[in-house]
Amino acid sequence: MDTTMDLRTTPAQEAFRLEARSWLAAHTPPPRSLPSLDTAEGFEAHRQWEQTMFDDRWSVVSWPEEFGGRGVGILEWLIFEEEYWRAQAPLRVSQNGVFLLAPTLFEFGTEEQRARFLPAMASAREIWCQGWSEPDAGSDLAGIRSRAVRSEGDDGWLLTGQKTWASRGAFAEWCFGLFRTDPEAERHRGLTYFLIEMSTPGVTVRPIPQIDGETGFAEIFFEDVFVPDGQVLGGVGRGWNVAMATAGSERGLSLRSPARYTEAASRLVDLYAHSLQTEPARAARSADAVAQAWMDAEAYRLNTLWTATRVLSGGSVGPEASANKIHWSETDLAIHRAALALLGPEAEFHGDGVDAPWLDGYLFALAGPIYAGTNEIQRNVVAERMLGLPRG
Ligand SMILES: Cc1cc2nc3c(=O)[nH]c(=O)nc-3n(C[C@H](O)[C@H](O)[C@H](O)COP(=O)(O)OP(=O)(O)OC[C@H]3O[C@@H](n4cnc5c(N)ncnc54)[C@H](O)[C@@H]3O)c2cc1C
């Protein structure tokens, strides 16, 4: 396999970049002008933004045209992401669907499932949450206890149990979740991946307020919730494999594009330049941290191009997704820590007087080593599957 990276862009890719840039310049709301997507009002405002993007076919550029995309490749998607973050466009409220479930639907879904779910996801008419974690099963996902039993004569399943930490679960219309369908089978083998409509009788959602009071999460309770066979993804008992494909997208290429970090790193450098004038002693103390954070973001960008090259040459992402996840989450923390050190006590006010973007970003970055599988678990994966070390 030839994995030589060619860092040059083609004229067609540059034309695509300019088209994206000019569309975003004309349509993007001012930075941070929408209410937080972890509030009911903000969730709807972000849905509207997704709809605006969808109308001009910018919401899912890498998907086939029949589902609302432009059918472009990974490199063009990375270019779009660069422009998206450069424009400081809103966070993607549909990210669980578009970046996590969709690649899994393309790989494991039936034709009917793709036709049913992808267009509504692309237009954000239906927004998805992820129902994996349970109160006693987070890192040990194969230890989930929520179960599904056959519904006699109904061509479907009855789901019972509790999920927790579902991001935007308080507002989402649909949930993709893992349930135990065979309690006798070995832990990883008895699981099935279900697509569940949140308005189905028997589903109860209880929002969990975060430290800032916003209901970013929810617990979801299932009590004999009927799900038809057509909403099993990837086959009964195959849930673990299907879930690992979703996790690969979450940790690997699709959830966190490098542009998110290179854009933040470039704002950090601007902040440093400003601090040199206003707080030179503080700036001098932070110079190394700023340079390191910028280099980490750039290293992630180059590593992603290498991964993309591998995928374009017929390879797959594999366990490298875990190394990737450690890198992006730690880079995010490094960028925000350096910014807070530069700002000192002003961090709480810096911005347009009322919000504190670096502090908000830092609070979210703190969660990076936890969500999408904790970094300790990712280090275990790297040790065992990339370095070939014995199981701990
Ligand atoms: C912002 C955010 C968003 C989230 N969104 C979702 C969502 O949408 N849907 C969803 O299902 N879940 C979601 N989660 C939950 C997340 O997936 C879990 O928190 C995570 O998998 C860890 O599980 P846990 O909290 O049960 O911690 P535990 O598994 O109890 O782990 C506690 C600590 O022990 C360590 N540990 C555990 N086992 C090992 C081991 N074998 N080796 C070394 N260390 C170990 C962990 O690394 C961690 O530090 C979200 C979490 C956050 C923070």
Side-chain angles (χ1 to χ4, degrees), residues 36-38 43 91-102 104 127-146 159 161-180 187-188 191 193-196 198 203 205-222 239-240 242-244 246-251 254-256 260 321-322 325-326 328-330 332-333 336 360-385 389-392:
S36 161
L37 49 67
D38 286 337
F43 190 84
L91 294 175
R92 302 292 305 266
V93 71
S94 55
Q95 63 172 345
N96 282 324
V98 168
F99 296 141
L100 306 188
L101 178 59
T104 318
I127 295 182
W128 290 75
C129 65
Q130 180 186 36
W132 288 11
S133 304
E134 297 182 2
D136 293 319
S139 299
D140 183 21
L141 185 60
I144 59 162
R145 294 205 204 133
S146 294
L159 276 46
Q162 179 190 351
K163 299 291 176 181
T164 190
W165 308 127
S167 299
R168 288 165 291 287
F171 313 114
E173 281 85 22
W174 281 80
C175 173
F176 53 94
L178 264 189
F179 289 76
R180 190 164 297 287
R187 288 170 10 116
H188 296 77
L191 304 175
Y193 198 113
F194 288 95
L195 309 175
I196 310 147
M198 297 288 274
V203 175
V205 173
R206 192 192 291 167
I208 308 174
Q210 298 173 146
I211 197 168
D212 57 9
E214 292 174 359
T215 47
F217 294 118
E219 294 177 289
I220 310 173
F221 298 86
F222 298 84
W240 184 257
V242 185
M244 287 309 101
T246 306
S249 300
E250 193 168 13
R251 297 166 193 159
S254 65
L255 180 69
R256 296 285 182 250
R260 180 180 180 120
S322 292
K325 195 260 151 164
I326 296 169
W328 58 247
S329 54
E330 293 190 346
D332 204 22
L333 267 174
H336 285 88
D360 282 353
Y362 174 66
L363 290 176
F364 188 70
L366 285 173
I370 303 173
Y371 69 86
T374 69
N375 284 10
E376 289 79 12
I377 298 294
Q378 304 320 308
R379 286 194 161 86
N380 286 349
V381 175
V382 169
E384 289 162 18
R385 295 187 48 208
L389 297 177
R391 279 181 76 89

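Starting from 1, each residue takes its place in the sequence as its number. Start at 1 and go down the list; that is how both ligands and their atoms are numbered.
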Are there any N/O pairs under 3.5 Å between ligand 1 and the protein, and if so, what are their distances?
from: ligand 1; atom 1: 5 (N); to: W165; atom 2: O; distance (Å): 3.1
from: ligand 1; atom 1: 5 (N); to: S167; atom 2: OG; distance (Å): 2.8
from: ligand 1; atom 1: 8 (O); to: W165; atom 2: O; distance (Å): 3.4
from: ligand 1; atom 1: 8 (O); to: S167; atom 2: N; distance (Å): 2.9
from: ligand 1; atom 1: 8 (O); to: S167; atom 2: OG; distance (Å): 3.3
from: ligand 1; atom 1: 9 (N); to: Q130; atom 2: O; distance (Å): 2.8
from: ligand 1; atom 1: 9 (N); to: Q130; atom 2: OE1; distance (Å): 3.4
from: ligand 1; atom 1: 9 (N); to: W165; atom 2: O; distance (Å): 3.4
from: ligand 1; atom 1: 11 (O); to: Q130; atom 2: O; distance (Å): 3.4
from: ligand 1; atom 1: 11 (O); to: W132; atom 2: N; distance (Å): 3.0
from: ligand 1; atom 1: 11 (O); to: S133; atom 2: N; distance (Å): 2.7
from: ligand 1; atom 1: 11 (O); to: S133; atom 2: OG; distance (Å): 3.2
from: ligand 1; atom 1: 12 (N); to: S133; atom 2: OG; distance (Å): 2.8
from: ligand 1; atom 1: 17 (O); to: S133; atom 2: OG; distance (Å): 3.4
from: ligand 1; atom 1: 23 (O); to: S139; atom 2: N; distance (Å): 3.3
from: ligand 1; atom 1: 29 (O); to: S139; atom 2: N; distance (Å): 2.9
from: ligand 1; atom 1: 29 (O); to: S139; atom 2: OG; distance (Å): 2.6
from: ligand 1; atom 1: 42 (N); to: N380; atom 2: ND2; distance (Å): 3.2
from: ligand 1; atom 1: 47 (O); to: T374; atom 2: OG1; distance (Å): 2.6
from: ligand 1; atom 1: 47 (O); to: E376; atom 2: OE1; distance (Å): 2.7

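Looking at I144 and W132, their side chains never come closer than 4.5 Å, going by heavy atoms from C-beta outward. Contact annotation: the side chain of C175 never approaches that of V203 to less than 4.5 Å [non-hydrogen atoms, C-beta and beyond]. With a 4.5 Å cut-off on side-chain heavy atoms, T164 and F217 do not count as touching.
Side-chain atoms of Y193 and T246 include a donor-acceptor pair closer than 3.5 Å.
Interatomic distance, L333 CG to N375 CG, rounded to the nearest 0.5 Å: 9.0 Å.
With sequence neighbours left out, the side-chain hydrogen bond (donor to acceptor under 3.5 Å, both in side chains) criterion links D136 to no other residue.
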